[in-house]
Visitor: 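Got a structure for you, written out below as structure tokens; questions coming shortly.
All chains are named by letter (A, B, ...) in the order of the sequence lines, taking the proteins before the strands, and each is independently numbered beginning at 1.
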There are 4 protein chains.
Amino acid sequence: MARPRRHDPDRRERIVDAALRVVGRDGIAGLSHRTAAAEADVPLGSTTYHFGSLDELLVAALRRTNGVFGRTLRESPELADPDLDLATALARVMGRWLGEDRAELELAYELYLAALRRPALRPVAEEWAGEVRTALAGRTDPATAGALVAMTDGLCLMYLLGGRPYQEEHARTMLARVLGEGSENPAVPLAEAPTEPTGT
Amino acid sequence: MARPRRHDPDRRERIVDAALRVVGRDGIAGLSHRTAAAEADVPLGSTTYHFGSLDELLVAALRRTNGVFGRTLRESPELADPDLDLATALARVMGRWLGEDRAELELAYELYLAALRRPALRPVAEEWAGEVRTALAGRTDPATAGALVAMTDGLCLMYLLGGRPYQEEHARTMLARVLGEGSENPAVPLAEAPTEPTGT
Amino acid sequence: MARPRRHDPDRRERIVDAALRVVGRDGIAGLSHRTAAAEADVPLGSTTYHFGSLDELLVAALRRTNGVFGRTLRESPELADPDLDLATALARVMGRWLGEDRAELELAYELYLAALRRPALRPVAEEWAGEVRTALAGRTDPATAGALVAMTDGLCLMYLLGGRPYQEEHARTMLARVLGEGSENPAVPLAEAPTEPTGT
Amino acid sequence: MARPRRHDPDRRERIVDAALRVVGRDGIAGLSHRTAAAEADVPLGSTTYHFGSLDELLVAALRRTNGVFGRTLRESPELADPDLDLATALARVMGRWLGEDRAELELAYELYLAALRRPALRPVAEEWAGEVRTALAGRTDPATAGALVAMTDGLCLMYLLGGRPYQEEHARTMLARVLGEGSENPAVPLAEAPTEPTGT
DNA sequence: AATGAATGAGCATTCATTCAT
DNA sequence: TATGAATGAATGCTCATTCAT
């Protein structure tokens, strides 16, 4: 199996990387000490040594994911652009995530939602809320920010679960409404709104 | 073990009931042919006979849950009341679900979100969207209905994952905004908005 | 599942057909009342009704296979041709079996060799010997015929198990020797004789 | 059950031994991780630990069998005797195998022929061909050696499958013919040649 | 004569965890 | 400090067979 590695200070990190690849490929249900060890090309005992339980490993994985997504949010050119309104910026970022980053987004949501049943993940899930709040700070009030996050989560899940293509304009409109721009009307004809799956 | 039951036409349904109790108690990860059989007081072979795979059992469970929640939505007095605006009605129903029906709601979301990783559940998850659409039909346009569902999902998950008590007024305000009543202002002071966990 | 078939006198035969397809695809280990029923598009109870045990089904399958191969042997143009010597004719028939009929040949040998461990198949395996004897009758004496069959079986298994391409000339030569044409020399250079696998 | 054996370096080999006993008694169909564990008086987990799949266990069993039979061939006094011609020597060894070693021979052929359906066994089956080739090297050319092995296999299977007693003289004659001693005539009367089952 | 339902036994395999080194 | 060996429990699933219609 694994070649002996005398000095391997990054092993812990490499195991987390491997765990993320496993969850991305087979879901949380596919993650075990064994599968992580195999993916990381590391002896089985090494994973149990660094992570006493699977929850510990999941916590580390979710934290890493949070970090990655938090950074792409904070550093996104759309949010940085002062000429772009917040709804448009968020709708564009969502489009990128649901497009080219779809696998990572799905992975992130799977880990995030796992907190529903795994109390150990709860605090790390809260950290994610903090990352988003930081990114939104100064652009709106806290109450609206919370609703923005809820809308974003709901829309992402809708697109992740359904087979419909992302409709950025619809998202932009609804996010704008949440931001209090109430007279805002959807630019897409209502009859074509994304509430009906196009195919199975 | 189970006494022999030669004639037991409702066995299939009883197994689904048992599966829902198991998932409610231990999560999807705790559901197996064995645990369902034990909970239903039925031989193991009976669960594998009626449900060739765990996915089949999960599909039946999610469908049952959809039916139950769909009915409580359609028959809810709040939605039936023509004098109550939609935002208020939805916010109240959410309040009931997050309050006394919290366990069932958590169960429903766990099954619903499992569709993320289990393609077999996707069509049944779509059915749920249909239930909601039916309940909302005639009260708003499809595009707005989609956003309403997204907002509702996002808020429910936020309260299910975090430890904060439900703030119906905040939900009402944000749902009203989505409905296009843009000048609507939150009735709670912004500083107390539900974006910060109270405990932990 | 299966559409109701009121009058279905050929069902028994269709089940045997299905069983042969299953064994051809997944081996004897893959044959069960269930897999045969599914392949035949027939209710499970129908297979247990017509074939009380798996051995019964295997016997019917082997008998059918024997019949098919016996006929292709008896009716083969090579054996019918009086100008073709027996060794050449047999080597050519083997070539056809190992070539285009390889899957059927493998299936036939699997069923035939199963008699090693399943006494119920022994008499049917003996029937096969009878088929071959009939085909060889009049072309040589019984003792030589027995050796011819042994050589044929041995060569077929060698090619079925190994990855080498069939060498008809080698087979012809060796069958000719068994027939007592002792001065016969192999036409292929001895160094290239098929005793060494060409790949892996 | 098994007493705890902390240090048991030969356990792997003992499991292979047990597997061979199980296959010898009940056939390959009777071999499972469980039956091997029970026969070896070892916990179930021990067999799955040492042999991740049944194929792995079968490979080890076939390899062991090859070794045993290869040695009895190489060290057989008949083949070692320079005054004994090859056909006679081989016919005598076959006689011993079909006589007192019949159970082991049947076991060996069952494992060997299993390679027909189990690709994992193919390379080990090829190893067996190598063992025989080594034993025959120097006594004849490769092409003839291949035919000798085919004839031997075919004859062994004939006797293993049928109920007739071994006729060493017939085998000797036919092996001699394969060796190119073409004028060789069978010493037994042709009418009594072993092509007709004596019983059933 | 034919079949859907039912069931207990068994299967290969994976696993978290323990232990000796 | 790391890790290979070991093990009991559990998993999803298939099966031959029985039984009541």
Visitor: Using atom CZ of B/Arg11 as one end and atom P of E/dG4 as the other, report the distance to the nearest whole Å.
Guide: 18 Å
Visitor: For C/Asp26 and F/dC15, give me the distance from atom CG to atom C1', rounded to whole Å.
Guide: 15 Å
Visitor: Rounded to the nearest 0.5 Å, how far does CG of D/Leu161 lie from CD of D/Glu106?
Guide: 8.5 Å
Visitor: Is the phosphate of F/dT14 approached by C/Ser32 (side-chain N or O, under 4.0 Å from OP1 or OP2)?
Guide: no
Visitor: Strictly distance-based, threshold 3.5 Å: is any side-chain N or O of B/Asp26 a donor or acceptor partner for the main-chain N or O of B/Leu31?
Guide: no
Visitor: Does F/dA2 have OP1 or OP2 sitting under 4.0 Å from an N or O in the side chain of A/Ser46?
Guide: no
Visitor: For DNA chain E, find the residues of residues 48-55 of chain D with a heavy-atom distance under 4.0 Å and give them by number; none if there aren't any.
Guide: D/Thr48, D/Gly52, D/Ser53, D/Leu54
Visitor: Return the value, rounded to whole Å, for the distance between atom CD of B/Glu56 and atom C1' of F/dT14.
Guide: 14 Å
Visitor: For the side chain of C/Glu110 and the backbone of D/Arg117, is there at least one donor-acceptor N/O pair under 3.5 Å apart?
Guide: no
Visitor: Could you tell me the separation between the CD atom of A/Glu13 and the NE2 atom of A/His50, rounded to the nearest 0.5 Å?
Guide: 10.0 Å
Visitor: Report the distance from atom CD1 of C/Ile28 to atom P of F/dC15, rounded to the nearest whole Å.
Guide: 15 Å
Visitor: Do NZ/NE/NH1/NH2 and the carboxylate oxygens of A/Arg64 and A/Asp17 come within less than 4.0 Å?
Guide: yes
Visitor: Starting from C1' on F/dG4, measure out to CZ on D/Arg12 and report it in whole angstrom.
Guide: 14 Å
Visitor: Expressed as a whole number of angstroms, how long is the span from D/Asp10:CG to F/dA5:P?
Guide: 14 Å
Visitor: Should A/Asn66 and A/Tyr112 be marked as a side chain to side chain contact (heavy atoms under 4.5 Å, CB included) after you check the CA-CA gap, both sets of side-chain angles, and the distance that decides it?
Guide: CA-CA 9 Å; A/Asn66 283 352; A/Tyr112 177 66; 5.5 Å; no
Visitor: For B/Arg118 and B/Val59, indicate whether the former's side chain and the latter's backbone hold a donor-acceptor pair under 3.5 Å.
Guide: no
Visitor: Between P on E/dA5 and NE2 on C/His33, what's the gap in Å once rounded to a whole number?
Guide: 19 Å
Visitor: For D/Gly30 and for A/Leu31, locate the closest nucleotide of DNA chain E by heavy-atom distance; then report the residue assigned to the nucleotide nearer the 5' terminus.
Guide: D/Gly30
Visitor: Please tell me which of A/Arg34 and C/Gly45 maps to the more 5' nucleotide of DNA chain E, matching each residue to the nucleotide holding its nearest heavy atom.
Guide: C/Gly45
Visitor: Give a yes or no answer on whether the side chain of A/Asp55 reaches the backbone of A/Leu121 with a donor-acceptor pair at less than 3.5 Å.
Guide: no
Visitor: Of D/Leu44 and C/Leu44, whose closest DNA chain F nucleotide lies nearer the 5' terminus?
Guide: D/Leu44
Visitor: Can you list every stem that DNA chain F is part of, counting only runs of 3 or more consecutive Watson-Crick or G-U wobble pairs with both distances under 3.5 Å?
Guide: E:2-21 with F:2-21
Visitor: Do any N or O atoms from the side chain of A/Ser46 and from the backbone of A/Val42 form a donor-acceptor pair under 3.5 angstrom?
Guide: no
